[in-house]
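Worksheet: the structure to be examined is printed underneath.
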Amino acid sequence: MIKVIGKEMQLDLIRRVNELDATYRRLGVSYGLVGAMPYHTPVAWIEHGRKTKWRYGVEFEINLAEIVLGETQSLWANGLEYVCRVISHILYLRLADYEGGITKDNSIPNGVEVVLVPMTRKEIIAHLEAVMNDRHIRPFLMEEENAALHVTVDPFETIEQQRAFYRFWNDDRFFHDFAGIAGREENGYIKQRKKPHYNKEGWMKADTIDDHYYRCCIRENGAMEVRVFKAFYDKKKIKAQLDLVHQVNQLVRNAVSGYSTIKRLLHSH
């Protein structure tokens, strides 16, 4: 996917990044305009998350179009680097150290992902909206089937809660019943798994970095990551996805279990 731009837009983007770069150098800040960090760089540390009950960590994958210059019809080879440096600037202004950042993503053609520590849904939407609506970013956003929103919930208090949450996302009916919110179908990055591995106490074992491409996976600390959502570059759709995770999270923590029961209670809200 490509985006053709004119000389004026190219120069405007270059001018903005150069001015920001000069400002950061003058202030002695070396990490505010670095662009996308290498894949899986730990830019968000959980200990820097919000100290609130209902909080969610996210990885929001962004697929960017290749930039073609209209005058020459040639690819602007380092154009995406300029766009990524703008994203890193926006996040630097909005986040404290280790609350998040932008890293490369190998699962989509021109992919990067915004990573945020656990925080409120309102904060998540505000940060993502600031990125998506920027004048130098919005023109290059290209929805892509494998670009995803991953949402992480805190560890559960009981084995029953953990299993109820896990089974909801792995139910055969999920993608049919929630097609509009999920925005994608099952694929190699979000496989169904009905028989996870358990430790001797009965908790589900953590997945590894090489084996975590499931609808819902388990982190080392017991947190659970929901991976079923397509990344929409639309505030209302992102809110609907976050709200669904939140509502399921609330229900299972209040001893509600079973896909049909949870679905019925979701639809009664």
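Just so it is clear, the values below take in all heavy atoms, side chains as well, and ignore hydrogens, waters and symmetry mates.
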Ring centre gap for [X] and [Y] strictly below 6.0 Å:
X: W203; Y: F156; value: no
X: F60; Y: Y233; value: yes
X: W169; Y: F174; value: yes

Quiz item: Is it true that a side-chain atom of Q161 and a backbone atom of E157 form a donor plus acceptor pair closer than 3.5 Å?
Solution: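 Side chain of Q161 to backbone of E157, a donor-acceptor pair under 3.5 Å: yes, one is there.
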Quiz prompt | Any side-chain donor near an acceptor of the partner, H197 and D207, under 3.5 Å | solution =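 No, no side-chain donor-acceptor pair sits under 3.5 Å.
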Exercise. Could you pull out all residues at least two apart from Y189 that satisfy ring pair (Phe, Tyr, Trp, His ring centres under 6.0 Å)?
Key: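 In terms of ring pair (Phe, Tyr, Trp, His ring centres under 6.0 Å), with neighbours along the sequence ignored, Y189 is linked to Y213.
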Practice problem: Let me see the working for K53 and D154 under salt bridge (Lys or Arg N to Asp or Glu O under 4.0 Å), right down to the final yes or no. | Solution: CA-CA 9 Å; K53 181 177 181 180; D154 282 327; over 6 Å; no
Quiz item: Would you say the side chain of V226 lies within less than 4.5 Å of the side chain of Y166, judging by non-hydrogen atoms?
Solution: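 Heavy-atom side-chain distance check fails, nothing below 4.5 Å.
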Quiz item: Under 4.5 Å between any side-chain heavy atoms of R55 and E123, yes or no?
Solution: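 Contact flag for R55/E123 side chains = no.
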Practice problem: For A223 and T152, work out which heavy atoms get closest and say how close. | Solution: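 Looking at all heavy atoms of both residues, the shortest contact is CB-CG2, 3.7 Å.
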Practice problem: Output the distance between atom OH (Y82) and atom CG (N18), rounded to the nearest 0.5 Å. | Solution: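 Taking OH in Y82 and CG in N18, the distance rounds to 5.5 Å.
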Self-check item: Residue pairs, two or more places apart or on separate chains, that pass salt bridge (Lys or Arg N to Asp or Glu O under 4.0 Å) and touch residues 170-187
Solution: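 Qualifying pairs, neighbours excluded: D171-R173, D172-K194, D177-K263, E186-R215.
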Practice problem: Would you kindly confirm whether L141 and V112 end up in one hydrophobic cluster when ILVMFWY residues are joined by side chain heavy atoms under 4.5 Å apart? | Solution: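 Linked, L141 and V112 end up in one cluster.
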